[in-house]
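Just so it is clear: chains get the letters A, B, ... in the order the sequence lines come, proteins before strands, and each one is counted from 1.
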Amino acid sequence: MRTHLCGELRESHVGTRVRLGGWVHRRRNLGGLVFVDLRDRFGLVQVSFNPASATGEAMQVAEQLTSEAVVLIEGCVVARPPEGRNAELATGAIEVLAETVKVVGPATTPAIPVARGKGEKLAAEELRLKHRILDLRRSELQANLVMRHRLLQRARKALSDEGFLEVETPILTKPTPEGARDYLVPSRVHPGEFYALPQSPQIYKQLLMVAGFDRYFQIARCFRDEDLRADRQPEFTQIDIEASFVAPDDVQRFVERVLVELWGEAGHDISAPFPRLAWRDAMERFGVDKPDLRFGVEIADVSQAVGEDAAPFIREALGAGGRLRALSVPGAAEASRKEIDGYAAIVKEAKAGGLIWARRTGSGWEGQGVRALGNELLGRLVAKPGELVLAVVGPDHVTSPALHGVRSLAVRRPGIVRLTDHAFCWIVDFPLFETDPVTGIRAFAHHPFTSPHPDDRDRLTTDPDRCRALHYDAVYNGNELGSGSIRITDPAMQAVVFELLGIEAQDQQRRFGFLLDALASGAPPHGGFALGFDRIVMLLAQAPSLRDVIAFPKTTAARALFEGAPTPVSAADLEALHLRSLA
RNA sequence: GGGGCUGUAGCUCAGCUGGUUAGAGUGCCGGUCUGUCACACCGGAGGUCGCGGGUUCGAGCCCCGUCAGCCCCGCCA
């Protein structure tokens, strides 16, 4: 049907007869002379209709063309006159002199514009989702999905080259009461019983290791019925890998290879290995387990420097086991009242007592915190003139998030030096368990199949809260790209961990019996990783939202506005599934 | 589950202290126009002010509720 693509035509095609198919992007009718910008996935080309070369019928059709209609045109590529070239268009040196045109896909007036002028705003996102096919015609979204495709192919190739086998695992799986809420699927043939959609293929990939597949990967769709965010969709895609006979380093090497390839595909030359940072150090220096290492500006513990003249509330907090921790922001001594209020608001939101701040000027210290911190402490701070010291006092679970928030904002100041554009790191030695500071309830920090750190095995029963895990996260510019671990392969160890989580032996067998049996049947040591693929595409495409790198995304209320899901079903459908609606 | 922002023409928005007939740009329809490229110019049509209730002589504007979208907290092993 076509001989060429709209976006590929160049001066080298001058003189070529072409047949093109595409969408009418815009039409300009000058009266007896009609220009049509014809669009396909590869770009735009100007088609000109004039009575000297086009048939009378073609002229008539051209004058009636409406936006977004699909047409087939036949004509000849000609060079534009020098003054008629369009430097903003890849095809701007030429145009197609049309002879015939046929509307093969008439279009109603688009509900939202596809063609936009410079500086023209996008339609509201609700409308863009409702009319998704029109929005997807925009070159930005097409470019994002092209990028997504290229990244997928690159990841597949890299893992396949490393000896990983792509194996598909079930979408209809067994519900898991832990973790996120499951999407449930009722069984028609087994009244009252349900499948769940997988939150991840975690257990299946471990079973594949036990089955001897050695190295597995999957571009896996995962489902979690939880409330959404700009970077969270109810269904999402992971690059999921697992390998046998591996230590954390081995898995990290595979993941580094994939990330180097993906970033390379997006045109960024990055190098591995990535630096390793212990979880405890990350929390100490950055207040978060996914630090943005593009910047310095680290948190320091200044508790030891607090003197007798510090304010009572500080000394009381220290006495209660808290610490005084501070950031020093270069150049921020000039910060406006409004900027400092911004930091204070973050601290307040983190439920900390309040922000204490002092600025170092040429002549000494000024600011709200001077009196609170006291001269003794200020005298010991190694702050240079021009620096703004931001401090918070309290227990670590309060000061860490507060100071992380403050640092994230402070680091956006114009004066802060960016050390690199692509700061990758591994966070290692995570704690195996997390104890809620308020309720005191212990839960696994990740999933219950994560192996305890071999050096901490003894602590597992004596001091579980200080037991580290063979768990590691890949972090990029303050974003968690994914996480992984070495798994427990000793059924006895697995039972101990379940026990510590308060899962009774009977429950263990009912919920995870198939995994425990598998581990007892000859399980190789194994571990793996899962990369959040949508988020990676979003970062590499520099898209503002996950929804811009997913063809048909859900809203924050988990609705699909285009096709209208979810939707009520008939009473008969429910009855066949042995269900009754309470809604 | 909680908080915030938004909702006026197909689209993007304006709409004063609550006051006459709700406006603009763009798109759409009609017309003029042979080198435009967000073509230009002339004319026209187009409104459940998200929805429901209330206050008021009078509500796009104030109050209550509700729906939808977005952002955040909780949640997301």
*Using Watson-Crick or G-U wobble geometry with both distances below 3.5 Å, tell me the partner of B:C5, or none.*
B:G69
*For nucleotides B:G60 and B:G47, find the distance between their C1' atoms and express it as a whole number of Å.*
11 Å
*Rounded to whole angstrom, note down the C1' distance from B:U26 over to B:G65.*
36 Å
_Whole-angstrom distance between B:A14 and B:A9, as gauged at atom C1'_ = 13 Å
*B:G18 - base-pair partner by Watson-Crick or wobble geometry, distances under 3.5 Å*: none
_Output field: ring centroids A:Tyr476/A:Trp426 closer than 6.0 Å_ = no
*Check if the side chain of A:Arg128 and the base of B:C11 share a donor-acceptor pair of N or O atoms closer than 3.5 Å.*
no
*Determine, for A:Glu11 against A:Arg85, whether the closest basic-nitrogen to carboxylate-oxygen distance falls under 4.0 angstrom.*
yes
*For B:G50 and B:A38, measure between their C1' atoms and round to the nearest Å.*
31 Å
*Which residue lies toward the 5' end of RNA chain B, A:Leu89 or A:Ile112, if each is placed at its nearest nucleotide?*
A:Ile112
*When you look at CD of A:Glu63, are more than 12 heavy atoms from neighbouring residues, nucleotides or ligands closer to it than 6.0 Å?*
yes
_side chain to side chain contact (heavy atoms under 4.5 Å, CB included) partner of A:Pro175, the single match among A:Leu197, A:Val185, A:Asp182_ = A:Asp182
*Under 3.5 Å: donor-acceptor pair, side chain of A:Gln494, backbone of A:Pro448*: yes
*asked:* Roughly how many Å apart are B:G4 and B:G10, using the C1' atom of each and rounding to a whole number?
replied: 30 Å
*Run the ring-centre check on A:Phe223 versus A:Phe236 and record whether the distance is less than 6.0 Å.*
no
*With rounding to whole Å, what would you report as the distance between B:C62 and B:C49 at their C1' atoms?*
15 Å
*G-U wobble or Watson-Crick pairing nucleotide for B:U55 (cut-off 3.5 Å, both distances)*: none
_Watson-Crick/G-U partner (both atom distances under 3.5 Å) of B:A40_ = B:U32
*Separation of B:C37 C1' from A:Arg80 CZ (nearest whole Å)*: 7 Å
*Which part of the nucleic acid, if any, lies within contact of A:Ser200, taking any heavy atom under 4.0 Å across all strands shown: a base, the sugar-phosphate backbone alone, or nothing?*
base
*May I ask you to evaluate whether A:Lys121 reaches the phosphate of B:C11, defined as a side-chain N or O under 4.0 Å from OP1 or OP2?*
no
*Residue pair A:Glu8 / A:His4, side-chain heavy-atom distance below 4.5 Å*: yes
*Can you tell me, in whole Å, how much space there is between the P of B:G7 and that of B:C16?*
13 Å
*For A:Phe35 and B:C37, what is the distance between atoms CZ and C1' respectively, to the nearest whole Å?*
8 Å
_A:Thr237 to A:Arg221 - nearest heavy-atom pair and separation_ = OG1-NE, 3.4 Å
_For A:Gln252 against A:Val428, the heavy-atom pair lying closest together_ = NE2-CG1, 4.0 Å
*Do any side-chain nitrogens or oxygens of A:Arg28 fall under 4.0 Å of OP1 or OP2 in B:U36?*
no
*How is A:Leu122 classified with respect to the nucleic acid when contacts are heavy atoms under 4.0 Å: base, sugar-phosphate, or nothing?*
sugar-phosphate
_Using a distance-only criterion (donor-acceptor N/O pair, under 3.5 Å, no hydrogens), is the base of B:U36 paired with the side chain of A:Gln46?_
yes
*Could you run down nucleotides 69-75 of chain B 5' to 3' and tag each one B, S or - for protein heavy-atom contact under 4.0 Å?*
SBSSBBB
*d(NZ, A:Lys130; C1', B:G7) in whole Å*: 12 Å
_Residue whose closest nucleotide on RNA chain B lies nearer the 5' end, A:Gln64 versus A:Ser48_ = A:Gln64
_Nearest whole Å is fine: how far is B:C33 P from A:Asn50 CG?_
16 Å
*Name the nucleic acid region contacted by A:Glu120, choosing base, sugar-phosphate or nothing; use a 4.0 angstrom heavy-atom cut-off, strictly under.*
base
_B:G58 and B:C42, which share atom name C1', separated by this distance in whole Å_ = 40 Å
*Candidates B:C76, B:C28, B:U34 - which lies nearest the side chain of A:Ser67*: B:C28
*asked:* Rounding to an integer number of Å, can you tell me how far A:Glu88 CD sits from B:U36 P?
replied: 15 Å
*How many Å lie between CG on A:Asn29 and P on B:G30, as a whole number?*
11 Å
*asked:* Does A:Glu95 reach a base, just sugar-phosphate, or nothing at all? Heavy atoms under 4.0 Å.
replied: base
*asked:* Output the rounded distance in Å from CD (A:Glu68) to C1' (B:C11).
replied: 14 Å
*Using purine N1 to pyrimidine N3 plus N6-O4 or O6-N4 for Watson-Crick, or N1-O2 and O6-N3 for G-U wobble, each under 3.5 Å, what pairs with B:G10?*
B:U26
*In whole angstrom, what separates A:His25's NE2 from B:G27's P?*
13 Å
*What closest approach, in Å, do A:Val549 and A:Asp534 show between heavy atoms, and which atom pair accounts for it?*
CG2-O, 3.7 Å
